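Structure, as structure tokens:
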Amino acid sequence: MSGGAGASIADDRPGDKALRVLSPAQDEAMESGAMRILLTNDDGILAPGLIALYRELVKLGEVTIVAPTTPQSAVGHAISVSQPLFMQEIQVAEGVRGHSVDGRPADCVKVAVLELMKSAPPDLVVSGINHGENVGINVLYSGTVAAAVEGAFYGLPAVAFSLTFAERMDFQGAARMARTILEQVAAPERRAGLLLSVNFPDLSKGPPRGVRVCSMGVQPTEEAMIRRLDPRGRPYYWMTGGYIPTGEPHPESDQTALADGYTTVTPLRFDLTDRERLPRITAWRISAE
Ligand code: MN
């Protein structure tokens with residue numbers, strides 16, 4: 001958090017840093033129903049999925065675009081600690097302006113919340129629409145999802161949207177559905193603590209069969225390293241695959257539902273603690289002398 005001037009009474013509450021950005025102004029906006037939306041992605045500020053989503057989100061409120069200058073897919077929750085974050089206001093599309101950041105998706109959310117929007121923080125962080133699905137363990141590699149999680153770190157409601165990779169990707173159609181979903185899940189009485197990842201099926205095969213609220217698949221994916229030689233004879237490795245789960249995916253997972261043509265909605269949390277195992281490991285009375 002920069003500058004002492006922005007410090008609020010929340011500073012008196014130890015360990016409550018995330019709440020600092022939830023200002024009285026934000027509470028007011030929540031009550032009035034007008035939404036301030038922060039829009040980001042991991043495919044870069046000029047990605048068609050972001051622009052399509054912007055054109056729908058403006059029907060819900062005031063949208064601020066802060067997105068990476070260059071594509072950042074699969075950077076996960078990386079942040080820039082040793083590089084400056086240059087931010088530039090640019091024309092994103094006809095009549096659309098946005099802030100382009102030379103950083104990672106999570107950096108974009110940080111600089112938006114801590115600087116650009118610090119006097120009036122967003123009511124909702126939206127990330128996407130990603131060029132490709134984010135289901136199964138890919139959720140953990142995804143920069144799109146990481147940006148939403150970053151919003152959740154600040155106590156802000158956040159939703160990530162991804163569209164299944166296909167030859168022809170209907171971002172406009174997906175964006176319309178994203179707005180319909182947000183009208184329901186981001187209603188003022190529902191949005192507190194919201195952290196969702198939403199995936200749309202391949203829309204070129206027809207409209208989704210419905211919406212499934214489901215859990216994240218946890219199977220490893222089929223992947224391999226291809227070994228080649230560079231012009232100087234040095235070996236290098238190139239990852240391939242990484243999207244198809246090995247074995248039969250769990251029937252109730254996001255992977256299965258998406259492959260079956262459903263839109264998936266997965267509630268996420270960033271507390272990685274294994275709560276089931278916690279008491280057992282406590283009982284081990286591990287010493288470190
Ligand atoms: Mn991406």
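Quick caveat, the model's predicted, so the values are computed rather than measured. For ligands, and for the atoms within them, numbers begin at 1 and follow the listed sequence.
Here I181 contributes atom CD1 and T263 contributes atom OG1; the two are 5.5 Å apart, rounded to the nearest 0.5 Å.
Listed by chain and residue number, F153 satisfy the ring-ring contact (aromatic ring centres under 6.0 Å, His included) test with H77 (two or more places apart in sequence, or in another chain).
Using a 4.0 Å cut-off between charged side-chain N and carboxylate O, R36 and E62 make no salt bridge.
Under the 4.5 angstrom side-chain criterion for Ile, Leu, Val, Met, Phe, Trp and Tyr, the cluster partners of I286 are I281, W284. Within the hydrophobic cluster formed by Ile, Leu, Val, Met, Phe, Trp and Tyr side chains joined at under 4.5 Å, directly or through other members, Y236 is accompanied by W238.
No option in V185, N199, V213 other than V213 meets the side chain to side chain contact (heavy atoms under 4.5 Å, CB included) test with V265.
With waters left out, the protein N, O or S atoms under 2.8 Å from the Mn ion (ligand 1) add up to 4.
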